[in-house]
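Have a look at the structure below before the remarks.
Computed over heavy atoms, backbone and side chain alike; hydrogens, waters and symmetry mates excluded. Position 1 is the first residue of the sequence, and the numbers go up from there.
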Amino acid sequence: EVQFVESGGGLAETGGSLRLSCVVSEFLWGDYSIGWFRQAPGKERDGVACLSSSVGVIYYTDSVKGRFTISSDGAKKQAALQMDSMKPEDTAVYYCAVGGPTYCSGENFYTGPSTSWGRGTQVTVSS
């Protein structure tokens with residue numbers, strides 16, 4: 001079973017920054033996609049950003065392109081999401097997720113039978 005340790009999140013002002021971190025146990029680097037989904041109240045959970053090192057793909061949803069940056073450190077079994085120029089519409093619960101290597105494509109971050117989820121962390125951006 002994949003174990004997650006998520007940190008970061010909290011409250012930011014419009015235009016501010018936050019950084020999310022996700023440490024994953026039993027992380028077989030090169031065989032996974034990793035990234036974040038987010039879910040705002042009353043809305044569906046959507047993919048925000050992901051990367052799959054084994055296939056060399058990084059994905060960002062259109063609304064965060066140019067503002068969010070995803071990175072990973074295989075040695076530390078850690079991924080991070082740097083969120084800059086934040087907007088009130090970024091307010092949501094953010095979930096770290098790990099899935100199969102093809103779950104992260106250039107078009108989306110998909111879920112499937114091998115997707116594992118972190119517990120989520122609240123991100124709130126004040127206007």
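- To the nearest 0.5 Å, the span separating OH on Tyr32 from OG on Ser116 amounts to 7.0 Å.
- Linking Ile, Leu, Val, Met, Phe, Trp and Tyr whenever their side-chain heavy atoms come within less than 4.5 Å leaves Phe68 and Phe109 in two separate clusters.
- For Ala79 against Ile34, the heavy-atom pair with the smallest separation is CB-CD1, 3.6 Å.
- Once rounded to the nearest 0.5 Å, the distance linking OH of Tyr110 with SG of Cys50 reads 9.5 Å.
- Judged purely by atom type and a 3.5 angstrom limit, Tyr59 has no side-chain atom pairing as donor or acceptor with the backbone of Ser52.
- Residues Val93 and Val64 are members of separate hydrophobic clusters, defined by side-chain heavy-atom contacts under 4.5 angstrom among Ile, Leu, Val, Met, Phe, Trp and Tyr.
- Taking the side chain as every heavy atom from C-beta outward, Ile70 and Ile58 approach each other to under 4.5 Å.
- Taken together through direct or relayed side-chain contacts under 4.5 Å among Ile, Leu, Val, Met, Phe, Trp and Tyr, Val123 and Tyr60 form part of one hydrophobic cluster.
- Closest approach of Arg45 and Tyr95 over heavy atoms only: NH2-CZ, 3.4 Å.
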Next on the checklist: As a quick check of understanding, evaluate salt bridge (charged side-chain N to carboxylate O under 4.0 Å, His left out) for Lys65 and Asp62, giving each step before the final call.
Outcome noted: CA-CA 5 Å; Lys65 287 180 179 177; Asp62 286 345; 3.0 Å; yes
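- Atom CE of residue Met83 and atom CZ of residue Arg38 lie 9.0 Å apart, to the nearest 0.5 angstrom.
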Show me the donor-acceptor pairs, under 3.5 Å and distance only, between side chains in residues 96-105 and residues at least two apart or in other chains.
| from | atom 1 | to | atom 2 | distance (Å) |
| --- | --- | --- | --- | --- |
| Tyr103 | OH | Ser114 | N | 3.4 |
| Tyr103 | OH | Ser114 | OG | 3.2 |
| Ser105 | OG | Glu107 | N | 3.0 |
| Ser105 | OG | Asn108 | N | 3.1 |
| Ser105 | OG | Asn108 | O | 3.3 |

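- By the 6.0 Å and 45° rule, Arg119 does not stack over the aromatic ring of Phe4.
- Gln122 and Thr124 get closest at one heavy-atom pair: NE2-OG1, 3.3 Å.
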Decide yes or no on ring pair (Phe, Tyr, Trp, His ring centres under 6.0 Å) for Trp117 and Phe37, but give the supporting numbers first.
-> CA-CA 9 Å; Trp117 298 93; Phe37 289 78; 4.9 Å; yes
Name every donor-acceptor pair, under 3.5 Å, that has one atom in a side chain of residues 12-22 and the other anywhere in the protein, sequence neighbours excluded.
| from | atom 1 | to | atom 2 | distance (Å) |
| --- | --- | --- | --- | --- |
| Thr14 | OG1 | Ser126 | O | 2.7 |
| Ser17 | OG | Asp84 | OD1 | 2.7 |
| Arg19 | NH1 | Gln82 | OE1 | 3.2 |
| Ser21 | OG | Gln78 | NE2 | 2.8 |

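- A 4.5 Å side-chain heavy-atom check between Leu81 and Thr69 finds every atom pair outside the cut-off.
- Thr91 and Glu89 share no donor-acceptor pair across their side chains, judged by distance under 3.5 Å alone.
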